[in-house]
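Side-chain atoms are counted along with the backbone in the values below, which use heavy atoms only and exclude waters and symmetry mates. Order of the sequence lines sets the chain letters (A, B, ...), proteins ahead of strands, with each chain counted from 1.
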There are 2 protein chains.
Amino acid sequence: MTPRQNRPTINQVAAAAGVTKSSVSRAFTRPEMLSQETVRKIFAAAEQLGYVPNHTARALSTGRHGNIALIVPDVANPFFPPLIRAAQSEADRSDYCVFLGNSDENPQQEDKLIGRFAGQVEGFVLVSSRLSDAQIIEHAARRPLVLINRDVEGIPRVLIDSATGVAEAVAHLAELGHRKLVYVGGPHGSWSNKQRRGAVRRSARELGLEVTVISNEFAAFESGRKITASVLATGATAAIAFDDLTAQGMLAELADQGIAVPANFAVVGCDDVLGAATYPSLTTVSNRSVEAGKAALNLLMDILQNQAIRDVRYVLNTSLVIRKTTGPAVIPR
Amino acid sequence: MTPRQNRPTINQVAAAAGVTKSSVSRAFTRPEMLSQETVRKIFAAAEQLGYVPNHTARALSTGRHGNIALIVPDVANPFFPPLIRAAQSEADRSDYCVFLGNSDENPQQEDKLIGRFAGQVEGFVLVSSRLSDAQIIEHAARRPLVLINRDVEGIPRVLIDSATGVAEAVAHLAELGHRKLVYVGGPHGSWSNKQRRGAVRRSARELGLEVTVISNEFAAFESGRKITASVLATGATAAIAFDDLTAQGMLAELADQGIAVPANFAVVGCDDVLGAATYPSLTTVSNRSVEAGKAALNLLMDILQNQAIRDVRYVLNTSLVIRKTTGPAVIPR
DNA sequence: CTGTTAGCGCATTCAC
DNA sequence: GTGAATGCGCTAACAG
């Protein structure tokens, strides 16, 4: 046997209290089965010895761990921390511990993490999972699993619907007189990207606007800067970016080129991770990640308690947050 | 007994492979003890049955869990996610799972979390712990524990020393001809704030600069905007802010007032959490949180392997990252 | 090299 | 109400 903590066990408490293991065990799990007097004695002895039930032994015996795992593509992406925090706090209310996993946007890593966690958690929350539908379904068959921003039929999921906010953004630009705009995309595999691009196209068609889609695999500040030239080359007067970081990069590049925002060009972000902290402050689509994290966790807790997995599809609508990077369209340069 | 996963056990693999439990166990832990042939047979059987060692049972038997806990005051504070990510990735290299805890800046919550994790982790990393020295020492006596940005003698710790970077910032401003500057403070209780303010004062004195300290309890974008008027009122030509968020707020306010940066006023941030993502890109003091996270984890891993806790005090110096918000001083307005 | 045996600490039947 | 006995799945002496 390897070095182990020398914490008191149920047996020592039993001896000290003059009862058997069974009673001590019961005192900590179903005290109503014991006489008040015995419970009191046991607690006193436990307290005195500094006894704390052994989580592992209990888990081995019951199959219940009191842990859940939360896996995200990238902890450092500003979209996730608030979500993580919310999920965490919700788990805490039910006395669950949470394992955090960082998949690095990599399906294999994600799969590996799930495997590592599998043996010691009650269930999973997968955020913006990079796994295939088949893999997700397979894992969901083994353990309760809820998805955030991934739409797989039959698997409980919480979706942030940026389409509503994006549609508002297009309408907003149309009202301001813009006739030609571009959508600057995000990661190819991303469900959100597909959703946003689709929403831009649909709304644009309905409102009779012309829209160009420009791909931009790596959503980030720098790539936002670099893509700006192509955006301007289209002759558009406004752009909607896949996310705030990309939009912020565009803002910096436009400023460098002496193109005033919003006077000469309008920019809309997505996810509102920057708050009003750009200059000019960014018009963007609201992000409901905190609510998503909370909802996902409540869903998981519910499933764990009622051991019944219902096919829930919880959608959170978004809306446009109008700040200072959008304004009336100008005569094409 | 409660509902349990029906995963195959070591016994079934043993039966299928025509050996005993022991051999199967060995095949998965110390295969070099077995003949190649036996190992092959066992792996084949295991593979065929889809056997995966039961983490919990193993932990109960060995006292080793392969988990560690990382506790931070606030996951959503942009300072922490990169650190978390780095720690995470380092843990992964050693096949450890990491529990993430959010203390909400609250000592009691932090203590509670430690208790919850205690039974299922090898050790702890406490980031910017809000606990008292006594509590930290007590917990460290039970389990390996390493600190980040908290200086308790006898406990292995990793410290980010922002004083060096701040001193460079003052020197940089002095070289540019600035004679009068202001330090915009942060939270009163903050160890980092004390450290930074002290460094500004010391360097300013050495270089013969005049410095005004302005308090600003809530470090954030909005408070940065609001404090700007008082900053300008001092007649200074440059400001060093407690953190990047505050600096960013100041940038926005200066832009609104038509004061060009760096032409008319210089601004320096601290922590480099924004990268080059402001406009103009912010001159700031490097933040070495990624290295801190990595170092802390390596330290912990080292302790776990050699079961010897040395009194390590690992200091990471910071330096100035010169970007675009600092330039030559101008004639006082 | 491999089998036998005895726990790890606790929850849960089944008796009394 | 409480005790005795069994097992959760695996590791680790101890033999052979």
[X] and [Y]: side-chain donor and acceptor closer than 3.5 Å?
X	Y	value
A:Gln195	A:Ser192	no
B:His65	B:Gln120	no
A:Asn306	A:Asp302	yes
A:Asn67	A:Glu122	no

[N] [atom2] sits how many Å from [X] [atom1], rounded?
X	N	atom1	atom2	result
B:Phe28	D:dC10	CZ	P	9 Å
B:Ile10	C:dG3	CD1	P	12 Å
B:Arg58	C:dG9	CZ	P	18 Å
B:Leu60	D:dG9	CG	C1'	9 Å
B:Glu32	C:dT2	CD	P	13 Å
A:His65	C:dC10	NE2	P	16 Å
B:Asn11	C:dT4	CG	P	12 Å

Is it true that B:Arg130 and B:Glu105 make a salt bridge, defined as a side-chain N closer than 4.0 Å to a carboxylate O? yes

Residues within residues 47-56 of chain A bordering DNA chain C, heavy-atom distance below 4.0 Å: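 Contacts with DNA chain C under 4.0 Å: A:Tyr51, A:Pro53, A:Asn54.
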
Strictly under 3.5 Å: I want the nitrogen or oxygen pairs between protein and nucleotides 2-5 of chain D, one per line.
| from | atom 1 | to | atom 2 | distance (Å) |
| --- | --- | --- | --- | --- |
| D:dT2 | OP1 | A:Ser35 | OG | 3.4 |
| D:dT2 | OP1 | A:Thr38 | OG1 | 2.7 |
| D:dT2 | OP2 | A:Ser35 | N | 3.0 |
| D:dT2 | OP2 | A:Thr38 | OG1 | 2.9 |
| D:dG3 | OP2 | A:Thr20 | N | 3.3 |
| D:dG3 | OP2 | A:Thr20 | OG1 | 3.1 |
| D:dG3 | OP2 | A:Ser23 | OG | 2.6 |
| D:dG3 | N7 | A:Arg26 | NH1 | 3.2 |
| D:dG3 | O6 | A:Arg26 | NH2 | 2.6 |
| D:dA4 | N7 | A:Ser22 | OG | 3.3 |
| D:dA4 | N6 | A:Ser22 | OG | 3.1 |

Mind telling me whether A:Phe28 and A:Tyr51 have parallel, tilted or perpendicular rings, with 30° and 60° as the class edges? perpendicular

Rounded to the nearest 0.5 Å, how far does CD1 of B:Ile155 lie from NE2 of B:His139?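 B:His139 atom NE2 to B:Ile155 atom CD1 measures 11.5 Å (nearest 0.5 Å).
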
So, the side chain of A:Thr29 versus the backbone of A:Ser25: is there a donor-acceptor pair under 3.5 Å, distance only? yes

Among C:dC10, D:dA12, C:dG9, which nucleotide has an atom closest to any side-chain atom of B:Arg64? D:dA12

Please confirm whether the shortest side-chain N or O distance from A:Ser25 to OP1 or OP2 of C:dC10 is below 4.0 Å. no

Using a cut-off of 4.0 Å on non-hydrogen atoms, how would the nucleic acid contact of A:Thr9 be classed: base, sugar-phosphate, or nothing?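 Sugar-phosphate: the residue A:Thr9, judged by heavy atoms under 4.0 Å, touches backbone atoms but no base.
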
Any heavy-atom pair between the side chains of A:Ile84 and A:Val72 that's under 4.5 Å?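 Answer yes - side chains close enough.
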
